[in-house]
Peer 1: 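Dropping the structure in here first, questions after.
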Amino acid sequence: MHNEPLHNHLVGSCNGLVCAFQKHHLILDPIYICNPLTREYVHLPQLVVKEEDVDPDLIDVVEGEVDMYGRLAYGIGYVSSTNEYKVVRIHYLDDAYVEGNVEVYTLGSGYGWRAIGRISYGLSTLNGGTYANDAIYWIFYNEVVVCDLAKEEFRLLSSVPPCLQNRQDEDRCGLVVLGRHVCFYMDNKSRMEIWSLTKNNDSWFLEFDIDYKDSRQRRFQPILLTKKREIIFLYARSALYCYDTKTTVLKIISNEASTDYFEDVEAIAHVNTFVSLEAMGENSKRYTVRPRWVRTPWDDVIDELDRVALGEEVDTTRFRLREA
């Protein structure tokens with residue numbers, strides 16, 4: 001996709017689709033959409049920024065282009081009432097992040113990027129918006145901003161987790177979906193609090209309070225909550241850990257990266273589905289991968305999909321995994 005280790009590559013995953021950045025013209029644009037299971041992918045239209053519309057300080061002297069690194073907020077989500085996938089892109093053309101220009105792309109609509117107005121929130125451009133329940137959430141200073149994807153409207157939540165109001169500069173925090181809840185986590189190197197948002201978006205409750213009982217130089221980032229109530233963490237952007245909330249045991253579960261070496265790994269929760277970009281109306285393609293030494297049951301699925309046209313029904317019952 002691009003070779004920029006200091007910038008994120010992944011925007012998010014939603015109901016089987018993954019959104020990622022494609023680099024072009026000094027912009028990391030959230031325009032690459034794919035289904036890793038079916039290997040379908042599509043590129044959305046690129047962001048075009050005119051020099052006369054931006055602050056002169058944003059013009060790169062060497063490249064002669066508008067430098068938009070770190071000036072995009074973004075997210076991908078799904079509207080259950082209309083069965084639509086939407087990508088939200090917010091770009092800031094002023095140096096103070098006073099106003100953001102909001103665009104929405106509805107997959108398969110044929111309308112391309114639609115400008116829906118401006119917002120006065122300087123949303124975080126370091127991490128993608130968090131999708132849950134037909135909405136995308138961002139942290140805005142000590143507040144939380146939510147975008148209702150059906151109405152395409154932004155608003156501030158009426159309440160925030162108590163720890164968000166008292167966070168320090170060295171505290172690491174973020175939003176993540178654990179189970180079916182939007183959660184806010186804060187890590188101060190020795191303790192992590194995880195607060196869950198209620199279904200009606202009006203209050204938060206402390207769901208997990210984890211004491212690591214050690215001194216760490218790097219941080220844990222929660223990725224997902226398993227059915228056994230185990231939290232999967234990415235540690236130091238390098239290795240995966242599993243925390244059992246019942247026994248409070250923390251153990252490493254990845255074996256390809258070392259916590260002693262910075263590997264710069266990104267991880268997001270993902271669910272396999274057969275959702276088709278072509279069936280939605282997108283002019284998609286299918287990518288190929290290099291052969292692997294070890295086959296998995298999913299390789300049988302891919303082999304079968306490669307023998308049929310996109311959008312054609314496939315009998316998936318024969319691909320059920322056998323229990324060990």
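Everything numeric here is computed off the predicted structure, so don't read it as measured data.
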Peer 1: Is the distance from the ring center of F220 to that of Y243 below 6.0 Å?
Peer 2: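 No; Y243 has its ring centre 6.0 Å or more from that of F220.
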Peer 1: A side-chain contact here means heavy atoms from C-beta on lying under 4.5 Å apart; do T198 and W204 qualify?
Peer 2: no
Peer 1: Find out whether L123 and Y92 are in side-chain contact, i.e. whether some heavy atom of one side chain is under 4.5 Å from a heavy atom of the other.
Peer 2: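 Yes, at least one pair of side-chain atoms sits under 4.5 Å.
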Peer 1: If you define the side chain from C-beta out and look only at heavy atoms, does anything of F208 sit under 4.5 Å from C183?
Peer 2: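 No, side chains not in contact.
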Peer 1: Who are the ring-ring contact (aromatic ring centres under 6.0 Å, His included) partners of Y85, not counting sequence neighbours?
Peer 2: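 Y85: ring-ring contact (aromatic ring centres under 6.0 Å, His included) contacts with Y78.
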Peer 1: Taking only residues two or more places apart in sequence, or in another chain, which ones meet F184 in a ring-ring contact (aromatic ring centres under 6.0 Å, His included)?
Peer 2: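 For F184, no residue satisfies ring-ring contact (aromatic ring centres under 6.0 Å, His included) once neighbours in sequence are set aside.
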Peer 1: Check the pair V88 / L149 against side chain to side chain contact (heavy atoms under 4.5 Å, CB included), numbers first and verdict last.
Peer 2: CA-CA 9 Å; V88 178; L149 288 174; 3.9 Å; yes
Peer 1: Listed by chain and number, what are the salt bridge (Lys or Arg N to Asp or Glu O under 4.0 Å) partners of R118, not counting sequence neighbours?
Peer 2: E99
Peer 1: Determine whether the side chains of H270 and S13 contain a donor N or O and an acceptor N or O closer than 3.5 Å.
Peer 2: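 Their side chains do contain a donor-acceptor pair, which is all the 3.5 Å distance test asks for.
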Peer 1: Among side-chain atoms of S80 and D134, is any donor-acceptor pair under 3.5 angstrom?
Peer 2: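 Yes, a side-chain donor-acceptor pair sits under 3.5 Å.
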Peer 1: Would a distance-only check, ignoring hydrogens and angles, find a side-chain to backbone donor-acceptor pair under 3.5 Å from N101 to H91?
Peer 2: yes
Peer 1: Quick one: are V177 and T130 in side-chain contact, heavy atoms under 4.5 Å?
Peer 2: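 Side chain of V177 against side chain of T130, heavy atoms only: contact under 4.5 Å found.
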Peer 1: Keeping the roles fixed (side chain from E153, backbone from D148), state whether a donor-acceptor pair exists under 3.5 Å.
Peer 2: no
Peer 1: Going only through I, L, V, M, F, W and Y residues with side-chain contacts under 4.5 Å, is there a path from I76 to I139?
Peer 2: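 No.
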Peer 1: Nearest 0.5 Å, what's the CD1-CZ distance between I31 and R89?
Peer 2: 7.5 Å
Peer 1: Donor-acceptor check, side chain of S159 to backbone of D202, threshold 3.5 angstrom: yes or no?
Peer 2: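 Answer holds: yes.
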Peer 1: For Y137, what residues pass the ring-ring contact (aromatic ring centres under 6.0 Å, His included) criterion, not counting sequence neighbours?
Peer 2: none
Peer 1: Should V42 and L17 be regarded as members of a common hydrophobic cluster, given that ILVMFWY residues are connected when their side-chain heavy atoms come within less than 4.5 Å of each other, either directly or indirectly?
Peer 2: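 Yes, one cluster joins them.
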Peer 1: Answer yes or no: is there an ion pair linking R191 with D209, defined by an N-O contact shorter than 4.0 Å?
Peer 2: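 Salt bridge between R191 and D209, a charged N being under 4.0 Å from a carboxylate O: yes.
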Peer 1: Is there a side-chain contact between V275 and N15 in this structure, where contact means two heavy atoms from C-beta onward sitting under 4.5 Å apart?
Peer 2: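 A side-chain contact is absent here, since even the closest heavy-atom pair is not under 4.5 Å.
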Peer 1: On a heavy-atom basis, which atom in L47 and which in H24 lie closest, and how many Å separate them?
Peer 2: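 Taking L47 first and H24 second, the nearest heavy atoms are O-CE1, 3.4 Å.
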Peer 1: Please assess L197 against L157 for the test side chain to side chain contact (heavy atoms under 4.5 Å, CB included), listing each intermediate value before the final yes or no.
Peer 2: CA-CA 10 Å; L197 182 63; L157 290 186; 4.0 Å; yes
Peer 1: Counting distance only, does the side-chain N/O of D29 pair as donor-acceptor with the main-chain N or O of Q46 below 3.5 Å?
Peer 2: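 Flag not set: sc D29 to bb Q46 has no pair under 3.5 Å.
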Peer 1: Between K228 and T245, does a side chain to side chain contact (heavy atoms under 4.5 Å, CB included) hold up when you go through it step by step?
Peer 2: CA-CA 9 Å; K228 296 180 180 180; T245 59; over 6 Å; no
Peer 1: Taking the side chain as every heavy atom from C-beta outward, state whether E193 and Y185 have any atom pair closer than 4.5 Å.
Peer 2: no
Peer 1: Hey, are the side chains of N142 and V160 touching, using non-hydrogen atoms and a 4.5 Å cut-off?
Peer 2: no
Peer 1: Is the shortest distance from a Lys or Arg side-chain nitrogen in D244 or K251 to a carboxylate oxygen in the other one below 4.0 Å?
Peer 2: no
Peer 1: Shared ILVMFWY cluster between M186 and L225, side chains joined below 4.5 angstrom?
Peer 2: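 Per the 4.5 Å side-chain linkage, M186 and L225 are not co-clustered.
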Peer 1: Using the ring centroid of each side chain, check whether H43 and Y32 are separated by less than 6.0 Å.
Peer 2: yes
Peer 1: With Y121, which of F154, W138, Y141, F140 fulfils ring pair (Phe, Tyr, Trp, His ring centres under 6.0 Å)?
Peer 2: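 In the set F154, W138, Y141, F140, the residue that makes a ring pair (Phe, Tyr, Trp, His ring centres under 6.0 Å) with Y121 is F140.
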Peer 1: Would the distance check show the side chain of E266 and the main-chain N or O of H9 forming a donor-acceptor pair, the cut-off being under 3.5 Å?
Peer 2: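 At least one qualifying donor-acceptor pair exists.
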Peer 1: What orientation do Y241 and Y235 show, parallel under 30°, tilted 30 to 60°, or perpendicular over 60°?
Peer 2: perpendicular
Peer 1: Could you please spell out the steps behind the side chain to side chain contact (heavy atoms under 4.5 Å, CB included) verdict for V182 and V176?
Peer 2: CA-CA 6 Å; V182 175; V176 65; over 6 Å; no
Peer 1: Restricting to non-hydrogen atoms, name the atom on R286 and the atom on T38 that form the minimum distance, rounded to 0.1 Å.
Peer 2: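 Minimum heavy-atom contact is NE-O, 3.2 Å.
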Peer 1: Under a 3.5 Å threshold, yes or no: a donor from one side chain and an acceptor from the other, between S284 and E40?
Peer 2: yes
Peer 1: L277 and Y131: same hydrophobic cluster, using ILVMFWY side-chain contacts below 4.5 Å?
Peer 2: yes
Peer 1: Could you check whether any side-chain heavy atom of I210 comes within less than 4.5 Å of a side-chain heavy atom of I231, counting everything from C-beta outward?
Peer 2: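 Contact flag for I210/I231 side chains = yes.
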Peer 1: According to salt bridge (Lys or Arg N to Asp or Glu O under 4.0 Å), who are the partners of R229, at least two apart in sequence or on a separate chain?
Peer 2: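 R229 satisfies salt bridge (Lys or Arg N to Asp or Glu O under 4.0 Å) with E207 only.
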Peer 1: Please identify each residue that fulfils side chain to side chain contact (heavy atoms under 4.5 Å, CB included) with T106, with sequence neighbours left out.
Peer 2: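 For T106 the side chain to side chain contact (heavy atoms under 4.5 Å, CB included) partners, ignoring immediate neighbours, are E84, K86, V104, S109, R114.
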Peer 1: Going hydrophobic residue to hydrophobic residue with side-chain gaps under 4.5 angstrom, can you get from I268 over to L175?
Peer 2: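 Per the 4.5 Å side-chain linkage, I268 and L175 are not co-clustered.
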